[in-house]
Amino acid sequence: MAASMREPTFWILTALAPEPRHGYGVIREAAALSGGRVTLQAGTLYAALDRLADEGLIEVDREELVEGRTRRYYRLTRSGATALSAETERLRASADAAAAQLKRFRPGTATFQPGDAFARGAAFPPAGRPAW
């Protein structure tokens, strides 16, 4: 099983999925898509974009000259889409497992009841007994 993707990477790839974007566009889209939970800083973003390009998950789409400055647009590659899809499925499976467990949740229940040996602070294993 592949390791999970860091959240900023997930949102960068997600922001680039529908269309190429320049850095500031990625920052805005990631913030909007994440409901404001992810706020990418420019320095962090550009380091991440370089890393993702080196990994073949994104590539430069084009460059434009805007007010004397070069604006570089990035796009998702097939490998990037595959990685994003795999991470989306991993997150979906995790959310489904948590939702199933929450359906079983019963408020007010506890593993130990008053009077249990553990609730009274008894040692485990009980004195004189092996742990197995």
Side-chain angles (χ1 to χ4, degrees):
M1 173 161 57
S4 64
M5 192 178 282
R6 291 184 303 219
E7 189 173 21
T9 298
F10 175 81
W11 290 114
I12 291 168
L13 297 180
T14 300
L16 292 172
E19 64 187 8
R21 296 183 194 277
H22 55 79
Y24 184 63
V26 171
I27 289 171
R28 284 192 324 232
E29 188 70 4
L33 291 169
S34 69
R37 288 187 324 273
V38 173
T39 305
L40 300 168
Q41 302 299 315
T44 304
L45 172 70
Y46 288 104
L49 291 172
D50 288 343
R51 177 181 53 81
L52 294 170
D54 289 345
E55 292 173 5
L57 300 179
I58 65 171
E59 61 190 8
V60 174
D61 180 71
R62 67 186 185 277
E63 292 182 347
E64 295 177 345
L65 194 59
V66 178
E67 297 177 9
R69 297 180 68 183
T70 302
R71 180 179 288 172
R72 184 174 291 162
Y73 286 75
Y74 296 87
R75 71 171 167 248
L76 195 63
T77 63
R78 280 193 196 275
S79 294
T82 299
L84 180 58
S85 180
E87 181 66 3
T88 300
E89 289 306 314
R90 187 192 71 76
L91 291 170
R92 182 175 287 120
S94 295
D96 288 348
Q101 289 298 91
L102 282 169
K103 286 180 182 178
R104 299 175 59 202
F105 175 69
R106 302 290 179 256
T109 60
T111 305
F112 300 112
Q113 298 298 319
D116 285 351
F118 293 114
R120 292 191 309 266
F124 183 82
R129 291 198 179 161
W132 41 270

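Each residue takes its place number in the sequence, starting with 1.
Every residue meeting the side-chain contact (heavy atoms from CB on, under 4.5 Å) condition with Arg51, not counting sequence neighbours, appears here in chain and number order: Arg6, Thr9, Ala48, Glu55. The side-chain contact (heavy atoms from CB on, under 4.5 Å) check on Ala81 picks up Leu76, with sequence neighbours excluded. Every residue meeting the side-chain contact (heavy atoms from CB on, under 4.5 Å) condition with Thr14, not counting sequence neighbours, appears here in chain and number order: Phe10, Trp11, Leu33, Leu84. Judged as a salt bridge (Lys or Arg N to Asp or Glu O under 4.0 Å), and not counting sequence neighbours, the contacts of Arg62 are Glu64. Residues forming a side-chain contact (heavy atoms from CB on, under 4.5 Å) with Leu45 (at least two apart in sequence, or on another chain): Ile12, Val26, Ile27, Leu40, Leu49.
In this structure, Arg78 places its CZ atom where only 12 or fewer heavy-atom neighbours from other residues, nucleotides or ligands lie under 6.0 Å away. Within a 6.0 Å radius of OH in Tyr24, no more than 12 heavy atoms belonging to other residues, nucleotides or ligands are found.
By the 4.0 Å N-to-carboxylate-O rule, Arg71 lies too far from Glu63 to be salt-bridged with it.
Rounding to the nearest 0.5 Å places CZ of Arg92 at 8.5 Å from OG of Ser85. Taken from OG in Ser4 to CD in Glu87, the straight-line distance is 6.0 Å, to the nearest 0.5 Å.
Contact check for Val38 versus Glu7: side-chain heavy atoms found under the 4.5 Å cut-off. Two residues are said to be in side-chain contact when any heavy atoms from C-beta on lie closer than 4.5 Å; Leu13 and Met5 meet this criterion.
Applying the ring-ring contact (aromatic ring centres under 6.0 Å, His included) test to residues at least two apart or on different chains, the pairs with a partner in residues 63-92 are His22-Tyr73.
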